[in-house]
Amino acid sequence: MRALRRLIQGRILLLTICAAGIGGTFQFGYNLSIINAPTLHIQEFTNETWQARTGEPLPDHLVLLMWSLIVSLYPLGGLFGALLAGPLAITLGRKKSLLVNNIFVVSAAILFGFSRKAGSFEMIMLGRLLVGVNAGVSMNIQPMYLGESAPKELRGAVAMSSAIFTALGIVMGQVVGLR
């Protein structure tokens with residue numbers, strides 16, 4: 001009976017690690033590395049959108065500036081998310097904070113998905129900021145949640161899962177970005 005109980009607890013812990021990892025630090029790694037693949041497409045979209053609005057194409061240096069802004073809004077969002085993580089974890093608790101954090105990434109996905117239809121590269125910028133907020137929150141709260149969920153003898157291994165899922169996200173982003 002006792003062995004069965006430990007087996008069930010072990011499986012629940014493994015599922016918790018996988019769910020938190022895929023929903024948290026995996027997304028951080030993926031979004032960190034995936035932005036390189038669609039560089040030309042996003043730059044062309046920015047230029048086409050600008051041309052449709054004004055009748056003139058953006059100069060190359062401004063296309064590069066917009067692209068730099070799109071890329072740099074992710075770590076800026078991460079900063080805001082990291083600052084938000086502490087108060088969020090205290091107010092809502094770890095588990096609810098991770099669940100509420102999904103609002104940022106779902107909102108970003110909606111913005112990304114409808115940006116072409118709306119003809120707005122600004123939606124991509126806002127989406128990158130929101131994905132960054134999601135990453136900042138998850139990179140801080142996920143290790144706390146997993147550390148508190150694990151038994152003492154497994155805390156070190158469980159804490160390492162955040163780094164493993166981040167690395168898996170980076171690899172997956174690179175693989176998806178291959179031609």
Side-chain angles (χ1 to χ4, degrees), residues 1-39 68 70-113 124-179:
M1 187 68 173
R2 191 175 188 112
L4 179 64
R5 187 174 178 183
R6 287 186 58 85
L7 181 67
I8 291 171
Q9 287 176 339
R11 287 188 179 174
I12 290 172
L13 180 61
L14 183 63
L15 289 172
T16 301
I17 291 167
C18 288
I22 291 169
T25 54
F26 177 86
Q27 290 182 31
F28 164 70
Y30 181 81
N31 286 304
L32 189 66
S33 66
I34 194 64
I35 196 65
N36 297 322
T39 300
S68 301
I70 288 169
V71 172
S72 63
L73 282 170
Y74 180 69
L76 182 65
L79 173 66
F80 293 143
L83 293 172
L84 181 67
L88 199 63
I90 291 168
T91 306
L92 299 176
R94 278 56 158 161
K95 185 177 180 180
K96 286 182 185 171
S97 295
L98 288 173
L99 292 172
V100 166
N101 189 32
N102 290 327
I103 293 170
F104 295 115
V105 78
V106 169
S107 301
I110 291 168
L111 287 168
F112 292 147
I124 294 174
M125 291 178 171
L126 182 58
R128 284 289 287 176
L129 184 72
L130 291 175
V131 167
V133 172
N134 171 270
V137 170
S138 68
M139 287 300 290
N140 285 284
I141 295 179
Q142 181 188 334
M144 282 190 277
Y145 174 66
L146 292 177
E148 292 171 0
S149 300
K152 278 185 182 178
E153 62 272 6
L154 294 176
R155 280 198 188 132
V158 170
M160 284 304 300
S161 69
S162 294
I164 292 167
F165 277 99
T166 300
L168 285 173
I170 291 170
V171 168
M172 186 61 70
Q174 293 295 317
V175 168
V176 168
L178 294 175
R179 293 179 188 212

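We use all heavy atoms of the structure for the numbers below, so side chains are in, but hydrogens, waters and symmetry mates are not. Residue numbers run from 1 in the order of the sequence given.
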Partners passing side chain to side chain contact (heavy atoms under 4.5 Å, CB included) against Ser107 (at least two apart in sequence or in another chain): Ile103, Leu130
task: To the nearest 0.5 angstrom, please state how far the CD1 atom of Ile124 sits from the CG atom of Leu126.
output: 11.0 Å
Report all side-chain donor-acceptor pairs from residues 160-171 shorter than 3.5 Å, counting only partners two or more places apart or in another chain.
unit_1	atom_1	unit_2	atom_2	d
Ser161	OG	Val158	O	2.6
Thr166	OG1	Ser162	O	2.9

message: Testing the basics here: between Ile70 and Met125, what is the closest heavy-atom pair and its distance to 0.1 Å?
response: CG1-CG, 3.6 Å
Non-hydrogen atoms of Gly177 and Ala37 that approach each other most closely: CA-CB, 3.5 Å
task: Look up atom CD in Gln9 and atom CG in Leu4, then write down how far apart they are to the nearest 0.5 Å.
output: 10.0 Å
Leu15: side chain to side chain contact (heavy atoms under 4.5 Å, CB included) partners, not counting sequence neighbours: none
field: Over all atoms of both residues, closest heavy-atom pair of Ser33 and Gln174
entry: CB-NE2, 3.3 Å
query: What pairs with Pro151 under side chain to side chain contact (heavy atoms under 4.5 Å, CB included), at least two apart in sequence or on another chain?
result: Leu13, Glu153, Leu154
task: Identify the two heavy atoms, one from Phe28 and one from Tyr74, that lie closest to each other, and give their separation to 0.1 Å.
output: O-OH, 3.0 Å
message: Tell me which pairs pass salt bridge (Lys or Arg N to Asp or Glu O under 4.0 Å) where either residue lies in residues 1-20, with sequence neighbours left out.
response: none
message: Applying salt bridge (Lys or Arg N to Asp or Glu O under 4.0 Å) as the test, list every pair that has at least one member in residues 129-145; sequence neighbours left out.
response: none
message: Tell me the closest heavy-atom pair linking Leu32 and Ile35, and the distance in Å.
response: O-CG2, 4.0 Å
task: Determine whether more than 12 heavy atoms belonging to other residues, nucleotides or ligands lie under 6.0 Å from atom CE of Met144.
output: yes
- prompt: To the nearest 0.5 Å, how far apart are CG in Asn102 and CZ in Phe104?
  reply: 10.5 Å
message: Restricting to non-hydrogen atoms, name the atom on Arg128 and the atom on Val71 that form the minimum distance, rounded to 0.1 Å.
response: NH2-O, 3.6 Å
Contacts under 3.5 angstrom, residues 79-100 side chains, donor-acceptor by atom type, not counting sequence neighbours:
unit_1	atom_1	unit_2	atom_2	d
Thr91	OG1	Pro87	O	2.7
Arg94	NE	Glu148	OE1	3.4
Arg94	NE	Glu148	OE2	3.2
Arg94	NH1	Ala89	O	3.4
Arg94	NH2	Glu148	OE2	3.2
Ser97	OG	Leu88	O	2.9
Ser97	OG	Gly93	O	2.5

